[in-house]
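One structure is given below, encoded as structure tokens.
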Amino acid sequence: MQVRRDGVPAKDGKAIVYWMQRAQRGIDNHALNVAVHVANELKLPVVVYFAGISNFPHANLRHYYFLNQGLRDVEEDLAERGIGFVMRRVPHEDHLRFFHDVGAAMVIGDENPMREPEQWRRLISKRLTIPFWTVDADVIVPSRMLGKAQFAARTIRPRLKRLLPDFVQPYENPKATKAWQRTKRLFADDVELDITRGWKDLDRSVLPVEEFAGGTHAASKRLKTFVNFMLGSYGRERNRPEVDGTSMLSMYLHFGHISPLTIALAIEAAVKKDESLRGAADAYLDQLITWRELCVNYVLYNDRYDSLEGAEPWALKTMKEHARDERERTYTLKQLEEGKTYDELWNAAQRQMVARGWMHNYLRMYWAKKILEWTPNAKKTMQYAIYLNDKYLLDGRDPNGYGGIAWAIAGKFDRAWGERPVFGKIRYMSAASTGRKFDSKRYIAQNS
Ligand SMILES: Cc1cc2nc3c(=O)[nH]c(=O)nc-3n(C[C@H](O)[C@H](O)[C@H](O)COP(=O)(O)OP(=O)(O)OC[C@H]3O[C@@H](n4cnc5c(N)ncnc54)[C@H](O)[C@@H]3O)c2cc1C
């Protein structure tokens, strides 16, 4: 927990406010639970506040639609715990005004390592005159406990492993002892309505994806399906893009609709019932914990997480040496966006991203590396990859995206490989070997 503004709760305060930003869920949420404990101690009610802002960086209609669906579950789940919920959207989302309107005694928030949300929290902590604490609710091991940037999965893994037993513990999900009553005069927007209505500048060109419904309830359902029917084959099927053999929980994790701890606990419970799942569970938890928290660590401790400067010195050197290498062919951003390259596998991956709002991990690696081959320089590759990733993927705009793109294009978390044109020492993936590892024809047909 971080104390962002010290002091004692306002004596005449009428409620404890949880300013919900990233952890958009009403259960299994350590930030919310801290708010409830404090409120119960002070015999005050808890009200959760969510600000619907219209200019979240790189967000478009697809993302807002998913978020909107999630807010309905938040309201329902909070009501069961005796906790109030108020969403105020642009133009009504003045945070300080809300804290004043409900008579906040203190504010609890969650954490997000991304640049903009961190700036908002810093600004608010300067302006608040009541205590403000934040709780790292969307990772298993609180990110600041590692203290510094970690260079690779092999360096973060043992550190996380040592700390995990303290944090892989069931949630308490306490109820509020004093229920929050909304006064008639207190303004709240309706989460049942379209949160984006009237927002003139919002990019509405990317349509919602019907295949994935947002929210904690859909996420829990997906988790159950994965654990009950798919976990056993995860080790075998996770690298087969033509089979949906992975959990597809990344978008729910991104929006905080589900917590990584909830997932880890469900996986461990399944192993307890059936020890033969241990191998698959370990492979899964390594992605969910080691790789995911490595990306969070990267964004938290590296200001340049979305540019080439986030790379290691060996990678910067090799990229510089190959900056002027001639590309066999180049494509414009428009050609890439429309999936109009000579490479049918790449086009299919791009189409999967545009149509489904999701892309298989194996192809995300190939997809980003190919852009490096086809753009005039690595700087442009990074811009194009981030633009497309964040625009179309429901799980885009996430530390995993910046970490994954930096891995593919700038060798982040990787080692130097054999020298070759354009890539230098950055790991290469060829179409022939990638296509041989799974049924690429079937994948192309599925995404035609
Ligand atoms: C170029 C590139 C771009 C990417 N962009 C994103 C992005 O925008 N958002 C995003 O969430 N992930 C991104 N990833 C990481 C990974 O591809 C996705 O998290 C994963 O494919 C999501 O599918 P899943 O939930 O079925 O994964 P599963 O295989 O079921 O894994 C479970 C969870 O583990 C985490 N995870 C899995 N693989 C990785 C990985 N390689 N790095 C970090 N965490 C991982 C995710 O949170 C995932 O939901 C990117 C990877 C690359 C190489």
Side-chain angles (χ1 to χ4, degrees), residues 22 58-59 62-63 66 114 138-140 150 152-153 156-157 160 211-212 219 222-223 225-227 230-231 233-241 243-264 266-267 280-299 305-306 346 349-350 352-353 356-372 381-382 384-414 426-427 429 434:
R22 183 178 181 207
H58 305 198
R62 174 172 289 179
H63 305 115
F66 195 82
M114 305 274 292
D138 288 278
V139 282
I140 297 187
Q150 303 291 318
I156 199 173
R157 192 178 286 115
L160 289 171
E211 181 182 349
F212 303 109
R222 177 71 201 169
L223 174 61
T225 306
F226 178 70
V227 171
M230 300 164 72
L231 177 59
S233 53
Y234 180 77
R236 281 192 311 279
E237 309 223 313
R238 54 183 278 248
N239 282 331
R240 291 183 56 200
V243 178
D244 280 339
T246 61
S247 68
M248 289 184 166
L249 285 167
S250 51
M251 52 290 236
Y252 298 107
L253 284 161
H254 170 76
F255 282 90
H257 293 167
I258 195 162
S259 112
L261 177 57
T262 305
I263 303 175
I267 300 282
D282 285 346
Y284 183 81
L285 293 173
D286 200 47
Q287 299 300 315
L288 177 76
I289 305 176
T290 308
W291 281 95
R292 184 170 179 275
E293 301 204 2
L294 180 62
C295 291
V296 172
N297 173 278
Y298 169 57
V299 168
Y305 59 79
D306 48 359
W346 192 93
Q350 174 66 21
Q352 179 175 44
M353 172 192 245
R356 288 182 82 188
W358 187 82
M359 191 200 289
H360 192 282
N361 179 58
Y362 198 58
L363 283 165
R364 293 191 202 212
M365 301 193 256
Y366 179 70
W367 172 87
K369 284 183 179 290
K370 278 284 152 187
I371 304 179
L372 180 58
T381 309
M382 194 88 164
Y384 286 4
I386 290 176
Y387 171 82
L388 295 171
N389 191 88
D390 288 0
K391 181 170 176 181
Y392 292 107
L393 292 176
L394 273 170
D395 64 25
R397 309 169 302 123
D398 189 276
N400 277 356
Y402 300 106
I405 289 171
W407 174 88
I409 293 167
K412 190 75 202 169
F413 316 133
D414 208 356
I426 306 287
R427 183 199 296 246
M429 276 172 86
T434 304

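We number each residue from 1, following the sequence as shown. Note that ligands are numbered from 1 as they come in the structure, with each ligand's atoms numbered from 1 the same way. Quick note: numbers below take in every heavy atom, side chains included, and nothing from hydrogens, waters or symmetry partners. Predicted model only: the values in this text are computed from it and were never measured.
- For atom 13 (C) of ligand 1, the closest non-hydrogen atom on the protein side is Arg364 NH1, 3.3 Å.
- Of the candidates Leu253, Leu285, Ile140, Leu253 is the only one forming a side-chain contact (heavy atoms from CB on, under 4.5 Å) with Ile263.
- The ring pair (Phe, Tyr, Trp, His ring centres under 6.0 Å) test applied to Tyr234 returns Phe226, Tyr284, not counting sequence neighbours.
- Proximity of Trp358 to ligand 1, defined as any heavy-atom pair under 4.0 Å, is confined to the side chain (atoms from C-beta onward).
- Looking at Arg62, its side chain does come within 3.5 Å of a backbone N or O of Tyr392 through a donor-acceptor pair.
- For atom 3 (C) of ligand 1, the nearest protein heavy atom (residue, atom name, distance) is Asn389 OD1, 3.6 Å.
- When ring centroids are compared, Phe255 and His257 come within the 6.0 Å threshold.
- For ligand 1, none of its N or O atoms has an N or O atom of Ala408 under 3.5 Å away.
- Between Ile405 and Met382, the shortest heavy-atom contact is CG2-SD, 4.0 Å.
- Using a 4.0 Å cutoff on heavy atoms, Met365 counts as a contact of ligand 1.
- Of the protein's non-hydrogen atoms, Ser250 OG, 3.3 Å is the one closest to atom 22 (C) of ligand 1.
- Using a distance-only test at 3.5 Å, with no hydrogens or angles considered, no donor-acceptor pair links the side chain of Lys412 to the main chain of Tyr402.
- Taking atom 42 (N) of ligand 1 as the reference point, the nearest protein heavy-atom neighbour is Trp291 CB, 3.8 Å.
- With Asn361, Leu294, Leu288 as candidates, the residue nearest to atom 34 (O) of ligand 1 on a non-hydrogen basis is Leu288.
- No donor-acceptor pair closer than 3.5 Å links the side chain of His254 to the backbone N or O of Pro399.
- The protein non-hydrogen atom at the shortest distance from atom 43 (C) of ligand 1 is Asn400 OD1, 3.3 Å.
- Looking from atom 29 (O) of ligand 1 to the surrounding protein, the closest heavy atom is Tyr234 OH, 2.6 Å.
- For ligand 1, the atoms lying closer than 4.0 Å to a non-hydrogen atom of Met248 are 24 (P), 25 (O), 26 (O).
- Here the side chain of Ser259 pairs a donor or acceptor atom with the backbone of Thr262 at under 3.5 angstrom.
- For Tyr402, the heavy-atom gap to ligand 1 stays at 4.0 angstrom or more.
- Of the protein's heavy atoms, Asp395 OD1, 3.2 Å lies nearest to atom 7 (C) of ligand 1.
- Applying the side-chain hydrogen bond (donor to acceptor under 3.5 Å, both in side chains) test to Tyr298 and every residue at least two apart in sequence or in another chain returns nothing.
- Among protein heavy atoms, atom 36 (N) of ligand 1 sits closest to Gln287 O, 3.7 Å.
- Distances below 4.0 Å separate heavy atoms of Gly396 from the following atoms of ligand 1: 8 (O).
- Asp414 places no side-chain N or O within donor-acceptor distance of the main-chain N or O of Trp407, the cut-off being under 3.5 Å.
- In this structure, His254 has no heavy atom closer than 4.0 Å to ligand 1.
- Looking at Arg222, its side chain does come within 3.5 Å of a backbone N or O of Ser247 through a donor-acceptor pair.
- Between Ala152 and Phe413, the closest heavy-atom pair is CB-O, 4.0 Å.
- Per-residue contacts place Leu253 under 4.0 angstrom from the following atoms of ligand 1 (heavy atoms of the residue considered): 47 (O), 49 (O).
- Residue-to-ligand polar distances keep Ala368 apart from ligand 1: every N/O pair is separated by 3.5 Å or more.
- Atom numbering of ligand 1 starts at 1 in the shown order; those under 4.0 Å from a heavy atom of Arg292 are 43 (C), 44 (N), 47 (O).
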